[in-house]
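Below: the structure, in structure tokens.
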Amino acid sequence: MSQPSSVATGITGNAEYFQPRPRKPATNTLLKPHLEDDVLKMGGSAMESVSGVSSGRSTPVPVDAPPSVQASSSARRQIRAQQKQRIFPSIEYVDRVSHFDPTSDYRDFHGFFVLFWIGLAIMVLTTMLRNVKETGYPLSLRQWGLFTQNIWELGLVDGAMVASTALCLPLHKLYMSTGPFRWNRLGMAIQSIFQAGWLTLWVSWPFIRDWSWTAQVFFTLHLLTIFMKMHSYAFYNGHLSETRRRLNDLDNPDNASKDAAYKYPRRREEIPQSPTQERNPDSKAERLQALREDLAFELASPLGHVSYPENLTLANYVDFIFCPTLCYELEYPRTARVRWDQLFFKTLAVFGCIFLLTVTAEEFVIPILDESAIRLQDSANMSDFALIMGETVGRLLFPFMVIFLLVFLVIFEYVLGAFAELTRFADRQFYSDWWNSCDWLEFSREWNIPVHHFFRRHVYSASRGHMSRPVATVITFFISALAHELVMGCITRKFRGYGFFAMMLQMPIVMVQRSRFVRGRTLLNNVLFWCSMILGLSMMCALYVLV
């Protein structure tokens, strides 16, 4: 039997309305005319008595027939009445909403995802046909050679870069000592100096070796990812080393600190609290025991299978490097097995997206920039310059919208999904519904959840202990803006500050969008978000490449 539509509060004054069904019903009984309630309640003989004659389709049932025979005949007549053909079939009109209505509970729009890929396939096919007509070759190959430049050196240097972070493991063995190298004395300073030198060395390497921009972009993005992983691993384990030292000091409580246990900002909100949260110890002995439980609870993993320092092994560190997360935990939830078919499809999709990105750049971005560069050289005044830049930005709007969506898919759906499948990493919510964002602050939380977790845990929460919330928010945006400017500088070999300025400009824009004049206007804010997103991408490209 088909399931009825869900019911909700009416928007037209009625008490109820029907939500759209996820799928077409398995049977068409909902689409057929229904008998009136009073007719359905009547027996078969009563139906015939209304007209005074038999329908002519069945033999009349005698009045003295057994009740079972009368019931069967009545059921057949009701079914035939429902299936009766009419010249103008009746239509059931009820109070219900459309699929796109804001009050609708319908959320399955996977068909548009399929349409997106079909549209890209059509774009590639038409581009290939046009190129065959104009040049005799299906695709332009100007940028394809860049993928093979420095590829062996890139692989070796990238492996050395990742392997060099393993120095954190012996350093943490040093931080566990009771001497001056413990984490809260010299350990944190040693780790910070090591990370600063490490970042400076590897950021400078592609510039020194003069790599192609494709190799440099890949290396820089991977470099920033590994840097955040190394920082999270080092500082979280540093916190655990001090927590363990405090727990050991309580074996002789006379000279030990009795301050409350510091709980490191966790990546997941649903991690359970320590047992002492449920009781209020009164006596000194109870408070001491409660503090021991809090410290021991902080040293245990969220799932309760590993405790510090059991995690300080090379296997644990390598596992963390491959897991698609930037925030270190002692252990993560895992799936039961690796789905090798899904791993194959996601790996194939990565190369497919890179192919589409290259085709889009070759056919719809680079020719526009080449043409605009020549025109800018011949421009005589600022009005000509502004006109050329405006036209360039306008022509780049659609290509960069496609590029942005492809970059999102290749990173957050396919690359991270492939590593999650490979490592059996169970938490695969790498993004939320960022496309419904109403301001940039909401977008920054939902479009890149791993990075958002890292900044909230290691930048914002770490700053909140020393400064106010607005200042901590500014610092978080400042560091994020520096990282974006570094990526844009590696792509274009120009450090102009446009990306940094655009990132910092998001904060006053958020303040305007959350003011009482604009706040609550969901559709307007979402339109403004999408317009600023698409316009900002093409504008950044035009400024960095042409100016």
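- The 12-atom threshold is not exceeded at CZ of Phe351, counting heavy atoms of other residues, nucleotides or ligands nearer than 6.0 Å.
- No side-chain donor from either of Ser241 and His172 sits under 3.5 Å from a side-chain acceptor of the other.
- To the nearest 0.5 Å, atoms CE (Met467) and CD1 (Ile475) are separated by 4.0 Å.
- Nearest approach of Asn525 to Cys438, heavy atoms of both residues: CB-O, 3.2 Å.
- When only modelled atom types and interatomic distance are considered, Asn311 and Tyr233 share no side-chain donor-acceptor pair under 3.5 Å.
- Counting heavy atoms of neighbouring residues, nucleotides and ligands inside a 6.0 Å radius, atom CH2 of Trp435 exceeds 12 of them.
- Residue Phe116 qualifies as enclosed at atom CZ: its count of foreign heavy atoms under 6.0 Å is above 12.
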Between Gln195 and Leu199, is a side chain to side chain contact (heavy atoms under 4.5 Å, CB included) present by the stated rule, with each step listed?
CA-CA 6 Å; Gln195 290 182 181; Leu199 185 63; over 6 Å; no
What pairs of donor and acceptor atoms, side-chain ones from residues 535-547 against any protein atom, are under 3.5 angstrom apart with sequence neighbours left out?
| residue | atom | partner | partner atom | Å |
| --- | --- | --- | --- | --- |
| Ser538 | OG | Ile534 | O | 3.4 |
| Ser538 | OG | Leu535 | O | 3.1 |
| Tyr544 | OH | Glu485 | OE1 | 2.5 |
| Tyr544 | OH | Glu485 | OE2 | 3.1 |
| Tyr544 | OH | Tyr498 | N | 3.3 |
| Tyr544 | OH | Gly499 | N | 2.8 |

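- Taking every heavy atom of both residues into account, Ser232 and Cys327 meet most closely at OG-CA, 3.3 Å.
- The shortest distance between side-chain heavy atoms of Met533 and Trp440 falls below 4.5 Å.
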Leu120 vs Met123, test: side chain to side chain contact (heavy atoms under 4.5 Å, CB included). Steps then yes/no.
CA-CA 5 Å; Leu120 290 180; Met123 181 195 74; 4.2 Å; yes
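- Contact record, Ser437 with Asn526: O-ND2, 2.8 Å, taken as the closest heavy-atom pair.
- Closest non-hydrogen pair, Cys168 versus Phe194, comes out as SG-CE2, 4.1 Å.
- For CZ of Arg209, the number of neighbouring non-hydrogen atoms (other residues, nucleotides, ligands) closer than 6.0 Å is 12 at most.
- Salt bridge annotation for Lys346-Glu421: absent, with no cationic side-chain nitrogen under 4.0 angstrom from a carboxylate oxygen.
- The aromatic ring centroids of Tyr414 and Phe345 lie 6.0 Å or more from each other.
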Full working for side chain to side chain contact (heavy atoms under 4.5 Å, CB included) between Leu409 and Phe113
CA-CA 11 Å; Leu409 285 173; Phe113 180 74; 3.8 Å; yes
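- Outside the 6.0 Å centre-distance limit, the rings of Phe412 and Trp434 are not counted as a close aromatic pair.
- Each of Glu242, Gln191, Arg182 was checked for a side-chain hydrogen bond (donor to acceptor under 3.5 Å, both in side chains) with Tyr175, and the lone residue meeting it is Gln191.
- Tyr328 has its side chain out of reach of Phe235: every pair of non-hydrogen atoms, C-beta onward, lies at least 4.5 Å apart.
- A salt bridge links Arg493 to Asp210: one of the charged nitrogens lies within less than 4.0 Å of a carboxylate oxygen.
- Atoms OH and CZ, on Tyr460 and Phe455 in that order, are 14.5 Å from each other to the nearest 0.5 Å.
- Counted within 6.0 Å of CZ on Phe207, heavy atoms from surrounding residues, nucleotides or ligands total more than 12; the atom is thus considered enclosed.
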